[in-house]
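Let me begin by presenting the structure, written as structure tokens, before commenting on it.
All of these numbers come straight from a predicted model, not from anything done at the bench.
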Amino acid sequence: MSLTQTQNDALDELYTNGGDELAVQQKFNIKRHVWQKWLEDYYFTVEMNRRHDSLQRQADTMLAKFKPMALAVLMSLCQSQNEEISRKACVELLYLKSQGEQKTPLPQEQHEDISDETASKILAVLAEEKRE
């Protein structure tokens with residue numbers, strides 16, 4: 001079974017204009033109980049999930065594109081004269097590192113070396129967290 005034209009139009013509106021379900025229902029004059037029935041429909045939810053997954057992939061791609069720049073900024077902030085900024089940047093780098101360990105590691109030659117000063121600050125933050 002396929003979706004109706006109204007269901008497709010509603011999903012188009014939902015995923016291109018802000019994701020506001022109530023606004024979509026109002027624009028297409030869809031009663032709340034009809035919308036709820038659609039949400040329980042297998043084909044409607046499969047299409048919603050397909051579109052959601054597509055947007056999630058786009059977001060992941062955008063994040064991946066800017067991750068090297070964000071990491072470079074965090075590494076420079078680890079060297080900040082302001083101890084709180086330096087500490088928070090080191091903690092964030094450690095958090096991102098732990099998140100990245102769940103994925104397949106990059107070949108060693110692609111890893112960027114960090115300075116001794118940055119490494120010392122990261123180790124100091126780790127030691128401080130262990131004491132707490």
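The distance from atom NE2 of H52 to atom OG1 of T45, rounded to the nearest 0.5 Å, is 13.0 Å. Distance check, rounded to the nearest 0.5 Å: OG of S76 to CG of L71 gives 11.0 Å. Put simply, OG on S80 and CZ on R87 are 12.5 Å apart, with the number rounded to the nearest 0.5 Å. Atoms CG and CH2, from L11 and W38 in turn, are 8.0 Å apart once rounded to the nearest 0.5 Å. Separating the CD atom in Q25 from the CD atom in Q36 is a distance of 7.5 Å, to the nearest 0.5 Å. Note that CD of Q79 is 13.5 Å distant from CD1 of I85, once rounded to the nearest 0.5 Å.
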**Request:** Given salt bridge (Lys or Arg N to Asp or Glu O under 4.0 Å), test K88 with E84 step by step and report yes or no.
**Result:** CA-CA 6 Å; K88 286 182 177 181; E84 185 64 12; 3.7 Å; yes
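In this structure a side-chain-to-backbone donor-acceptor pair under 3.5 Å is missing from E40 to K37. In this structure, S54 contributes its side chain and R50 its backbone to no donor-acceptor pair below 3.5 Å. With S86 contributing its side chain and N82 its backbone, the two residues share no donor-acceptor pair below 3.5 Å.
L39 and L22 sit in two unconnected hydrophobic clusters of ILVMFWY residues. Membership requires side-chain heavy atoms under 4.5 Å apart, directly or through other members. If you chain together hydrophobic residues whose side chains sit under 4.5 Å apart, L94 and L77 never meet in one group.
Considering every non-hydrogen atom in both K27 and E13, the closest pair reads NZ-OE1, 3.0 Å. L74 approaches A89 most closely through the heavy-atom pair O-CB, 3.6 Å. Across I30 and V24, no two heavy atoms sit closer than the pair CD1-O, 4.4 Å. Between L55 and Y15, the closest heavy-atom pair is CD1-CD2, 3.2 Å.
A 4.5 Å side-chain heavy-atom check between N17 and D12 finds every atom pair outside the cut-off.
Annotation: W35 is in aromatic contact with F44 [ring centroid separation under 6.0 Å].
The side chain to side chain contact (heavy atoms under 4.5 Å, CB included) check on V46 picks up Y42, with sequence neighbours excluded.
Checked for salt-bridge contact, R51 and E47 meet the test: a charged N lies under 4.0 Å from a carboxylate O.
Within 6.0 Å of the CD atom in E83, the count of heavy atoms belonging to other residues, nucleotides or ligands does not exceed 12.
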